[in-house]
Amino acid sequence: MTRQNGIDRREFIVSATAAASVLSLDGRIVFAKSAAEADLMAKGFYTFKVGNIEVTTISDGQWNKPHDPGFIRNATLDETKAALAAAGLATDNVTIPFTVTVVKTSGKTIMFDAGTGAQLAPTAGKLAANMAAAGIDPKKVDMVVVTHFHPDHIFGLMEKDTNAQVYPHTEIVVPNAEFAFWTDPGTLAKLPERRQGLAKRIQATMPKWKNVTRIEDGAEVAPGVVAAAAHGHTPGHTTYVVGSGKDQLVVLADITNIPALFVRNPGWHAVFDSDPQAAEASRRRMFDRVIADKAVITGYHYGMPGAGRIEKDGNGYAFIPIF
C-alpha cells in the first residue's frame, strides 16, 4: 500500500468515511454531503498541516446560484441536477462556496486570493469575520497571491465604493499573463458588455497600486511557493505549489468549480471558463500531476474543509476531503 504524507490510501479513505458516507455507483466513489462539512461551514475555518506548512482554509460564504441551462455548456440541466443529487447536494440551485487558503511557511503568512469583499452574493463576504475566528490578523498577512482576476477572488482587495486598497502595505503577487490581459485597453472591445465593468474596475485600480508584483509561470513567489500556470479558466489563471520537503500542497484555485459537477465530470465546460478547451486540458493535467505527486490540494469552490486529495475514478476523478 502506497503511503501519502504518512497516511496510506486505505487509511485516508477510512478517515474520510468518518465524515461522509462512501457509496458505490457503477464502481465509482461517491461522497454524500456530511454533517462535518456543515459544521465546518458554520465554524468558518479549518487548520491542518502539510509537512511543516500550516494551512488554514477560510470560508467566505457561498453563492446560491439559480439554475441556468447555460451554466454548463455541454451538460443538460437534468444532468446537472442528477450529479448534484448523486453527491448528496440540494438540487433546487447550485451552491457555489468561496474558500480562501492561507499558509504559514518559512516565517511568512501568505493568503491566496482575497475573497468577494462582501460585494457579490448576500450569503458571501464572511472572510474578515472568519479570519478573526481563525486568529489570522489581516495586517500581519505578508503577501496576497492572486490566482486570477474574477470578482470573487479580487474584490476583497478593494473597497466597494472607493476602490481604495484593503491591503495597501501587503505585497500583492499577480500572474503577469492575467494582469496583461485585464489591463490591456483593447480588452474592453473583446468582452461582452456584461463583463466590461470588471475590466474597467481592474484598469482603474491595479495599475496604480505600488505594491503589485507581476510574476511569470514557474516563478518562486516566496520560499517554497512556485507558480504553475493553468490557463483556460481565464487567460492567466495560475495555480501554486507549496512545498515542504517531500510533501506538497497545491492551491488549485478555479481549476474546477464545485467537485460534484466538474471533478466528477472533467469534460464539462462551465460558462465561467474563457477558453473551455484550454481549461479542460489544464484541469486534467493538474489533476494527473497532483495524483502522481500525492499532493494535498485546496480548491476555491470546494466548500469546507476545502482541502483533500484528487483520485482517479473511472473516466473522471473524485475529490476526497481531508478531515
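What you see below is based on every heavy atom in this structure, not just the backbone, and it leaves out hydrogens, waters and symmetry mates.
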Same apolar cluster (I L V M F W Y, side chains within < 4.5 Å links), F181/L188: no
ILVMFWY network linking I154 to L191, side-chain heavy atoms under 4.5 angstrom: yes
hydrophobic_cluster_shared for L77 and F71, side chain cutoff 4.5 Å: no
Test item: N93 side-chain N/O and N64 main-chain N/O as donor-acceptor pair under 3.5 Å: no
Set of residues satisfying side-chain contact (heavy atoms from CB on, under 4.5 Å) with respect to N52, sequence neighbours excluded: S244
Side chain to side chain, W209 and M158, heavy atoms closer than 4.5 Å: yes
Residue pair D113 / T147, side-chain donor-acceptor N/O under 3.5 Å: yes
Side-chain heavy-atom pair Q277, H269 within 4.5 angstrom cut-off: yes
E178 vs V146, side-chain contact (heavy atoms from CB on, under 4.5 Å): CA-CA, chis, key distance, verdict: CA-CA 10 Å; E178 189 77 351; V146 177; over 6 Å; no
Test: R201 cationic atom under 6.0 Å from F155 six-membered ring centre, within 45° of axis: yes
Whether F98 and Y300 hold their rings parallel, tilted or perpendicular, with breakpoints at 30° and 60°: tilted
Side chains of E171 and T213, donor plus acceptor under 3.5 Å: yes
Whether F262 and W268 hold their rings parallel, tilted or perpendicular, with breakpoints at 30° and 60°: perpendicular
Distance, nearest 0.5 Å, that separates CG of D142 from OG1 of T170: 7.5 Å
Pair E79-I72, side-chain contact (heavy atoms from CB on, under 4.5 Å): steps then yes or no: CA-CA 10 Å; E79 288 171 326; I72 304 175; over 6 Å; no
Nearest-0.5 Å distance that lies between atom CG in D92 and atom NZ in K81: 9.0 Å
N130 side chain to I58 backbone, donor-acceptor under 3.5 Å: no
Common cluster, V226/M111, ILVMFWY with side-chain heavy-atom separation under 4.5 Å: no
Point-to-point distance, once rounded to the nearest 0.5 Å, from CZ of F179 to CG of D184: 11.0 Å
K312 (side chain) donor-acceptor with G314 (main chain) under 3.5 angstrom: yes
Distance in Å, K65 NZ paired with N257 CG, rounded so as to fall on 0.5 Å steps: 9.5 Å
Of all pairs that satisfy salt bridge (Lys or Arg N to Asp or Glu O under 4.0 Å), the ones with a partner from residues 272-291, not counting sequence neighbours: E280-R284, R289-D293
H150 and W182 aromatic ring geometry - parallel, tilted or perpendicular at 30°/60° bounds: perpendicular
Check: H233 and S282 side chains under 4.5 Å, non-hydrogen atoms: no
Stepwise side-chain contact (heavy atoms from CB on, under 4.5 Å) check, V103 with L249: CA-CA 10 Å; V103 303; L249 171 77; 3.7 Å; yes
Donor-acceptor contact present, side-chain R309 to main-chain K294, <3.5 Å: yes
CD1 on I297 to CD on Q248, rounded to 0.5 Å: 13.0 Å
Nearest-0.5 Å distance, CE of residue M304 to OH of residue Y46: 9.0 Å
Between T234 and S274, a side-chain donor and acceptor under 3.5 Å: no
Test log, rule side-chain contact (heavy atoms from CB on, under 4.5 Å), inputs L84 and L261: CA-CA 7 Å; L84 293 172; L261 301 180; 4.0 Å; yes
T256 versus Y302, side-chain donor and acceptor atoms under 3.5 Å: yes
Plane angle bin for Y240 and F112 - parallel if under 30°, tilted between 30 and 60°, otherwise perpendicular: tilted
Flag, side chain of H148 to backbone of P175, donor-acceptor distance under 3.5 Å: no
Enclosure of K49 NZ (heavy-atom neighbours >12, cutoff 6.0 Å): yes
Minimum heavy-atom distance A114-L127, with the two atoms named: O-CD2, 3.4 Å
Under 3.5 Å side-chain donor-acceptor pair for Q165 and N211: yes
Any V225 side-chain heavy atom under 4.5 Å of M143 side chain: no
Minimum side-chain heavy-atom gap M131-T56 below 4.5 Å: no
Exam field: side chain H237 to backbone D254, donor-acceptor pair closer than 3.5 Å: yes
Residue pairs involving residues 98-112 (criterion side chain to side chain donor-acceptor pair (under 3.5 Å); sequence neighbours excluded): T101-T298
Whether T238 side chain and G236 backbone form a donor-acceptor pair below 3.5 Å: yes
